[in-house]
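Written below as structure tokens is the structure these notes are about.
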Amino acid sequence: MAKDKKPRKLYKGVFNLSREMIIKYLRASSPEQAKVYMMRRIAAEHGVPYSYVFGAFDGSKDNYKIKES
């Protein structure tokens, strides 16, 4: 029996990391999933551990936005 997949929507993420504005687009099934995948991509592109990026965008500051595009 095949699992039903959630429909994937296009999300736009705007992140402010160390005075740099980073914009990412990604298809995901939820805004939370999009945020995780975008943060992993940012970590890989900047050559830093993903724990650093996750810590920077932990919700304690208003430094990112994820919205359906």
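If you read the sequence from its start, that first residue is 1, and numbering goes on from there.
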Heavy-atom pair with the smallest gap, counting every atom of Asn63 and Ala56: ND2-O, 2.8 Å

Side-chain touch Lys24/Tyr37, heavy atoms, less than 4.5 angstrom: no

Check: Ile66 and Glu32 side chains under 4.5 Å, non-hydrogen atoms: no

Single-linkage hydrophobic cluster Val14~Phe54, side-chain heavy atoms < 4.5 angstrom: no

Nearest-0.5 Å distance, OH of residue Tyr52 to CD1 of residue Ile42: 11.0 Å

Student check: side-chain heavy atoms of Leu17 and Tyr64 closer than 4.5 Å: no

Contact list for residues 47-69, test salt bridge (charged side-chain N to carboxylate O under 4.0 Å, His left out), sequence neighbours left out: Lys9-Glu68, Asp62-Lys65

Side chain proximity check, Tyr25 to Leu10, heavy atoms < 4.5 angstrom: yes

Euclidean distance, Glu45 CD relative to Ile22 CD1, rounded to 0.5 Å: 7.5 Å

Reported OG-to-CD1 distance for the pair Ser69 and Ile23, which is rounded to 0.5 angstrom: 10.5 Å

Close side-chain approach of Val53 to His46, heavy-atom, < 4.5 Å: no

Distance-only polar pair, side chains of Lys35 and Tyr11, donor-acceptor under 3.5 Å: no

Sidechain-backbone polar pair: Arg8 side chain, Arg27 backbone, donor-acceptor under 3.5 Å: yes

Test log, rule side chain to side chain contact (heavy atoms under 4.5 Å, CB included), inputs Phe15 and Glu20: CA-CA 8 Å; Phe15 299 86; Glu20 178 184 358; over 6 Å; no

In one Ile/Leu/Val/Met/Phe/Trp/Tyr side-chain cluster, 4.5 Å: Phe57, Tyr50: yes

